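Order of the sequence lines fixes the chain letters, A, B, ..., with proteins taken first and strands second; residue numbering starts at 1 for each chain. Given the structure is predicted, the values throughout are model-derived calculations rather than measurements.
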Amino acid sequence: MNPGFAGSVLIFGARSDVARPLARIYGLEGYDVVLAARDSHSLAADADDIRVRSGRNVALRDFDVLDTGTHARFVDQLDVLPDTVISLIGLMTPQDQAQTDFASADLMMRSNYLGLVSILGEIANRMEQRGSGTIIGVSSVAGDRGRATNYIYGSAKAGFTAFLSGLRNRLFKKGVRVITVKPGFIRTRMTEGMDLPLRLTAEPEEIARAIRAADKKRRLVVYHKPIWALIMLVIRSIPERIFVRLKI
Amino acid sequence: MILSGWGRYPAMDCETRSLRDPKEIASVLERSPSLIARGNGRAYGDAALNSKMTLLIGGCDRFREFDTTTGLIECEGGTLLSDILRVVVPRGWFPPVVPGTKYVTVGGLIAADVHGKNHHRDGSFGRFVESISLAMADGSIVDCSRSENSEVFAATIGGMGLTGIILSAKIRLRPVASGMIDETIIRAPSLQVLLDLFKEHDASTYSVAWIDCLAGGGQFGRGVLMLGEHAKATNSDGIAKETASSKRLGSGISVPIVLPISPLNKWTIKMFNEAYYHLQKPRKRRTPYNGFFFPLDAIHNWNRIYGRRGFVQYQCVIGGVGYGHALRELIKVARDMGVGSFLAVLKKLGSGNRYMSFPTDGYTITLDFPVCSATMTGLKRLDAIVAEHKGRIYLAKDARAPRELVEQGYPEIEAFRNLRRSIDPERKFRSALSERLDI
């Protein structure tokens, strides 16, 4: 039989490909689930699915990461402050577009970084007050070093990674855990049609399991696939004088 | 993307697209002049291959509703049977029909109108489908059932995905007291005894037999009959216990790579058969449903054991009075083929459904052969026996049967073609199989 009530989880970016398997995993482990996204009513079928699979309560909430003025009210209107909050929010526009069209770069900054500083900040402050909670931010390996092919997206993710790191540092002794998950390639709608290296590409289900495992094992920073930790270690350690000449 | 069926033969380079939500189907149908839906790729041959567009619908796997009082469940076409089992068994229900693997989708179960070990009593999966939401060639999405669009409904059951794309379906489950099966194992020293045993145990809910294709002389066609009944709950934690043991089984072992040279040959199979026959001591035991229904699921990627060129599974059903003679001939040919059949399964079937649905009155035999020229020649000899006895080839397993053989086995094939002409005049839904057999 399914386990009893284990807590509540709130997932931002609930329309992403990782959200569906992730919500199922948390539901099956006894979590009540809140899915937050724009036009959340369109996720009704996903909510039914989690209810049938897990027997848990599932709620839908409208949320727009760009509309930072609404964020405090969004959190206040939740039935409870969740035990676990996971952000899957991410937006990638092509580099050539972002470097010529500032509006595109601006949108990536606000989606991947600024908006998250706002909403996760609201949540972190309340969790700090309560003295418990877990915040999981899905960033990206692209934030580990700026590369010519993806540096605007990467710089937003770098900002987000640094934000999570600082937040973790601040709340570590307050009973609030902050986890950074850095995926490499994921086979999603965002990457459909792209020619991704098979061994470095994860299925959405894998990322979902990695997030849950990181939560359970109380990890701080997780790469997935794990090989990316090694790859990024190498890439970070290349001296800038050499790095400028590389095409990677 | 290079795709193949579970037999890993044939392999084809196919354009693919993943569908995650049935709502996206309209745009796919509009853009693709030729396509076939593919679930979890467990059809053995070329049924779910289309080089122009193979639509991967495994992402449409959401449950819609499960009424635990009536046992009616509704889910999307890409939902896996393994997920259904996980949801329904702890609540006292069981799928009405299960094939030999739980890693199949609802769409696949319907499109191949699969049979299980209870076919002689309960019929095939299609009998328990209440309704289907089908995306048709013209882009419309229609509900079909026995009372609404009944011909399309009947043709979709066993229709190999050629009537449309199964977006979702409602299925009637069977109530069970636990997830345990009371299994009885009986050894049959010869084919004749085995056939008699099937008749004697016709009242059993589940029955299936393993046969030793390589035994000769007085032991020709010897086998082991496995019977099963859903266990009555003897204690309140029967279901919990079963779930725990199924979890352990689920982890299983795996064939990590495609073996360059198959360890299976006539001699190793002969040794295996000898050992297996004698290890299957006649007995009764209570066993978790996973081990009873899905023994091969415990070995992930077992299809890799046949080596690089893959394998073909040959399954036919033979009815009429001459079935005993036909089965004897089939086993003899299989024995003499030199490559040997590792898996050989015999099962008595009951009455069938319409159109292209496979299971029908008679005995069905299933044989596996590694792909090689000797196999391909030998299979033609099997074909001749099947044709002589007006037998029927199972399309979900097939990768190479000649068109005439398939046609003579399906008396309603022309009616199916006509229906296809009326609902899909431009032949939007096509697979390598439908092109090969001109279905």
Side-chain angles (χ1 to χ4, degrees), chain A residues 1-4 13-30 33 35 37 39-56 58 60 88 185-199 201-209, chain B residues 1-2 15-24 27-28 53 55-56 58-68 71-80 82-93 106 133 167-168 170-171 173 178-179 236-244 246-247:
Chain A
M1 219 46 217
N2 293 328
R15 213 185 311 284
S16 78
D17 289 323
V18 176
R20 193 187 285 175
L22 184 67
R24 284 176 183 170
I25 291 170
Y26 273 88
L28 283 171
E29 295 201 10
V33 179
L35 300 177
D39 306 322
S40 66
H41 61 90
S42 67
L43 291 169
D46 288 82
D48 286 339
D49 173 64
I50 302 161
R51 283 187 199 108
V52 171
R53 284 174 186 261
S54 67
R56 303 304 328 172
V58 184
L60 300 176
L88 302 174
F185 301 127
I186 315 177
R187 194 186 313 285
T188 61
R189 280 166 294 174
M190 201 201 262
T191 58
E192 186 155 23
M194 284 163 75
D195 190 20
L196 301 176
L198 199 65
R199 282 171 205 286
T201 306
E203 297 295 328
E205 289 76 14
E206 276 182 79
I207 301 291
R209 280 198 300 272
Chain B
M1 189 190 293
I2 305 285
E15 284 294 316
T16 61
R17 191 177 152 177
S18 306
L19 200 70
R20 209 173 156 271
D21 192 320
K23 282 184 210 144
E24 299 159 11
S27 74
V28 178
M53 176 52 70
L55 185 64
L56 311 174
C60 297
D61 66 341
R62 292 176 294 194
F63 289 90
R64 297 207 169 151
E65 212 179 347
F66 175 30
D67 187 332
T68 53
L72 205 60
I73 194 161
E74 183 178 13
C75 53
E76 291 175 351
T79 310
L80 286 173
S82 55
D83 282 7
I84 295 177
L85 285 160
R86 205 162 62 173
V87 167
V88 307
V89 176
R91 294 173 170 93
W93 294 93
V106 166
S133 170
L167 298 178
S168 66
K170 268 188 203 149
I171 295 143
L173 304 166
S178 83
S236 58
D237 66 349
I239 284 171
K241 252 196 204 158
E242 187 287 323
T243 311
S246 292
K247 263 189 190 146

*Heavy-atom neighbours of A/Glu205 CD exceed 12 at 6.0 Å*: yes
*asked:* I'd like to know if A/Arg189 and B/Asp21 make a salt bridge, using a cut-off of under 4.0 Å between side-chain N and carboxylate O.
replied: no
*Is there a side-chain contact between A/Asp49 and B/Glu76 (heavy atoms, below 4.5 Å)?*
no
*asked:* Less than 4.5 Å to any heavy atom of chain A: does that hold for the side chain of B/Thr68, its backbone, both, or neither?
replied: neither
*asked:* Check this for me: B/Glu65, atom CD, are more than 12 non-hydrogen atoms of other residues, nucleotides or ligands nearer than 6.0 Å?
replied: no
*Student check: side-chain heavy atoms of A/Val52 and B/Glu74 closer than 4.5 Å*: no
*Tabulate, in ascending numerical order, the residues of residues 39-47 of chain A having at least one heavy atom closer than 4.5 Å to a heavy atom of chain B, or enter 'none'.*
A/Ser42, A/Ala45, A/Asp46
*State whether A/Asp48 and B/Arg62 are salt-bridged, where the test is any N-O pair (Lys NZ or Arg NE/NH1/NH2 against Asp/Glu carboxylate O) under 4.0 Å.*
no
*Nearest heavy atoms of B/Thr79 and A/Arg53, plus distance in Å*: CG2-NH2, 4.5 Å
*Given a strict heavy-atom distance threshold of 4.5 Å, which part of B/Arg64 is in contact with chain A: side chain, backbone, both, or neither?*
backbone
*Please determine, among B/Asp83, B/Ile73, B/Asp61, the option with the most heavy-atom pairs under 4.5 Å with chain A.*
B/Asp61
_Does atom CG (A/Leu198) have a neighbourhood of more than 12 heavy atoms from anything else shown, all under 6.0 Å?_
no
